[in-house]
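Reminder, nothing fancy here: chain letters follow the sequence lines and each chain counts from 1.
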Number of protein chains: 2
Amino acid sequence: MENEVKKMNQHWTDIYYHLHYPHDEKITHQVIRILQHVQKQPNVGVNDIADYINVSQNTASEHVKRMIDKALLKKSRSQSDERKVILCLTEKGEEVLFRNTSLDEEKLNHIFKSLNTEEKELITEAFEILGERSKQCLSP
Amino acid sequence: MENEVKKMNQHWTDIYYHLHYPHDEKITHQVIRILQHVQKQPNVGVNDIADYINVSQNTASEHVKRMIDKALLKKSRSQSDERKVILCLTEKGEEVLFRNTSLDEEKLNHIFKSLNTEEKELITEAFEILGERSKQCLSP
DNA sequence: AAGATTATATCGTTATTTACGATGTATTAT
DNA sequence: ATAATACATCGTAAATAACGATATAATCTT
C-alpha cells in the first residue's frame with residue numbers, strides 16, 4: 001500500500017518531466033502558486049493569497065500588483081464589501097498557468113494515439129476517479 | 001480524442017493543486033527544473049543545464065554554484081574527461097525536489113484507503129502505462 | 001609540441017524580485 | 001464616533017538572475 005503510493009509518485013514525476021511544456025519564461029514558484037490558487041478557488045483576495053503562500057499581507061499585495069502589471073491577474077471589488085478585492089486570471093494568466101502546470105497536449109495526444117481502446121479508457125477513468133477524490137481532501 | 005486530453009489535463013492540475021505538499025520554501029522554477037533534470041538524466045553537466053533551461057553557460061554555472069552552496073547539488077568530475085562536471089542531487093536536493101513536485105504521500109494514502117481494490121488497480125495500472133509511455137517521448 | 005577546442009569558473013555590472021515594517025486609506029462594523 | 005478590516009504604498013535590504021568578457025584547465029588536432 002505504502003509502496004503503491006511511492007511507485008505512483010515515481011510515475012507522476014516521470015510523466016511531468018517528460019510531458020511538460022518547455023517553459024521558457026522566467027517565473028517563480030510563488031507566482032505559479034498564486035495563479036493556481038486564484039484559478040481553483042472562488043473569490044480569492046489579497047489576504048487569502050498571503051495566507052496561502054505564507055507571506056505578510058503587504059508582500060502579497062505587491063505580488064498581486066506585479067502580476068497585474070504583467071497582465072496575469074485582473075482585479076475587481078466585491079459587491080457586498082467594497083474593501084475586498086476579487087482576483088481572477090486574465091487570458092494570459094490562464095495561458096501561463098497552463099503552460100507551467102499542464103501536460104503538453106501534443107505529446108499527450110501522441111501517446112493516446114498509441115494506446116488501444118482499453119488502455120485509453122483505463123487511463124481516462126483513473127484520472128477521473130483521482131481528480132474527484134483529490135477535491136474531497138482538505139484544500140491546501 | 002482531443003477532448004479526452006483536455007479533460008485529463010483538467011484532472012491533472014486538480015490533482016496537483018489538492019494533493020501537493022505545502023511548499024513553504026521560496027524556490028524558483030529554474031532551480032526546480034535543474035533538480036528535475038539532474039535527477040532524471042544521467043551525467044548532467046553545466047552545459048547540459050544551460051541548454052535545458054535555455055540560459056548562457058555562465059548563468060548555468062552560477063545556478064549550479066548557488067545550488068551547491070545551498071547543499072542541493074554535489075559536484076564531481078568525469079573520470080574519462082576531467083573537464084566535465086557531473087552533478088548529482090544531495091539528500092536535501094532530493095527532498096526539496098520531492099516536496100516540490102510529488103504528491104503528498106499522506107493524502108495519497110488517505111485516498112487509496114478509500115478506494116476499492118478494483119479502483120486501486122485501475123489507477124496503479126494507468127500510471128504504470130502512462131509513466132512508461134512518457135519516457136518514450138522525446139526528452140524535453 | 002603548439003594551437004585550437006571544450007567545459008567550466010569568475011568578475012563586473014545591471015535589473016528585477018522578494019520580503020518586511022511602518023504607515024496611510026477607504027470601507028464596514030459596533 | 002471609534003474600532004476593525006482589507007488593502008495599498010513607501011522605504012529599505014538582501015538575494016537572484018542574467019549577460020558579456022575574460023580566465024583556466026583538460027583534451028583534441030595536426
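- Within the hydrophobic cluster formed by Ile, Leu, Val, Met, Phe, Trp and Tyr side chains joined at under 4.5 Å, directly or through other members, A/Phe98 is accompanied by A/Tyr21.
- Remark: P of C/dT17 and CD1 of A/Ile32 are 14 Å apart, rounded to the nearest angstrom.
- Residues satisfying the side-chain hydrogen bond (donor to acceptor under 3.5 Å, both in side chains) criterion with B/Glu94, sequence neighbours excluded, are B/Gln39.
- Rounded to whole angstrom, the span from the CD atom of B/Glu25 across to the P atom of C/dT18 amounts to 16 Å.
- A/Thr28 has a side-chain polar atom (N or O) that falls below the 4.0 Å cut-off from OP1 or OP2 of C/dT18.
- The side-chain hydrogen bond (donor to acceptor under 3.5 Å, both in side chains) test applied to B/Ser80 returns B/Ser78, not counting sequence neighbours.
- Closest-nucleotide positions on DNA chain C for A/Asn54 and A/Ser78 were compared, and the one nearer the 5' end corresponds to A/Asn54.
- Atom pair A/Ile53:CD1 and C/dT17:C1' shows a separation of 13 Å (rounding to whole Å applied).
- Every side-chain hydrogen bond (donor to acceptor under 3.5 Å, both in side chains) that A/His29 has, sequence neighbours left out, goes to B/His29.
- For the side chain to side chain contact (heavy atoms under 4.5 Å, CB included) test, residues two or more places apart in sequence or in another chain that qualify with A/Thr101 are A/Ile32, A/Gln36, A/Leu97, B/Thr13.
- In this model, the phosphate group of C/dA9 is approached by a side-chain N or O of B/Lys75 to a distance below 4.0 Å at OP1 or OP2.
- Rounding to whole angstrom units, NE2 of residue B/His29 and P of C/dT17 are separated by 16 Å.
- Positionally, the nearest nucleotide of DNA chain C for A/Ser56 lies more toward the 5' end than for the other of A/Glu82 and A/Ser56.
- Look at A/Lys120 and B/Glu4 and you find no salt bridge, because none of the NZ, NE, NH1 or NH2 atoms lies under 4.0 Å from a carboxylate O.
- Screening residues 31-45 of chain B for salt bridge (charged side-chain N to carboxylate O under 4.0 Å, His left out) gives A/Asp14-B/Lys40 as the qualifying pairs, with residues at least two apart or on separate chains.
- A search for side chain to side chain contact (heavy atoms under 4.5 Å, CB included) contacts involving B/Glu95 returns B/Arg99, not counting sequence neighbours.
- If you measure from atom CE of A/Met67 to atom P of C/dT17, you get 12 Å, rounded to the nearest angstrom.
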Show the atom names and distances, to 0.1 Å, of all donor-acceptor pairs under 3.5 Å that link a side chain in residues 54-64 of chain B to residues at least two apart or in another chain.
| residue | atom | partner | partner atom | Å |
| --- | --- | --- | --- | --- |
| B/Ser56 | OG | B/Asn58 | OD1 | 2.4 |
| B/Ser56 | OG | B/Thr59 | OG1 | 3.2 |

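- For the residue pair A/His11 and B/Gly131, the shortest heavy atom distance occurs at ND1-CA, 3.9 Å.
- At whole-Å resolution of the value, CG in B/Asp69 and C1' in C/dT10 are 13 Å apart.
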Extract all donor-acceptor atom pairs below 3.5 Å that involve side chains of residues 44-51 of chain A and protein atoms in other chains or at least two apart in sequence.
| residue | atom | partner | partner atom | Å |
| --- | --- | --- | --- | --- |
| A/Asp48 | OD2 | A/Gly45 | N | 2.7 |
| A/Asp48 | OD2 | A/Lys84 | NZ | 3.2 |

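- Within residues 59-66 of chain A, the residues having any heavy atom closer than 4.0 Å to DNA chain C are, in order of number, A/Thr59, A/Glu62, A/His63, A/Arg66.
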Give every pair of a protein N or O atom and an N or O atom of nucleotides 1-7 of chain C that lie under 3.5 Å apart, one pair per line with the distance.
| residue | atom | partner | partner atom | Å |
| --- | --- | --- | --- | --- |
| C/dT6 | O4' | B/Arg83 | NH1 | 3.3 |
| C/dT6 | O2 | B/Arg83 | NH1 | 2.9 |

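- Interface limits on DNA chain D: the 5'-most and 3'-most nucleotides within less than 4.0 Å of chain B heavy atoms are D/dT16 to D/dT27.
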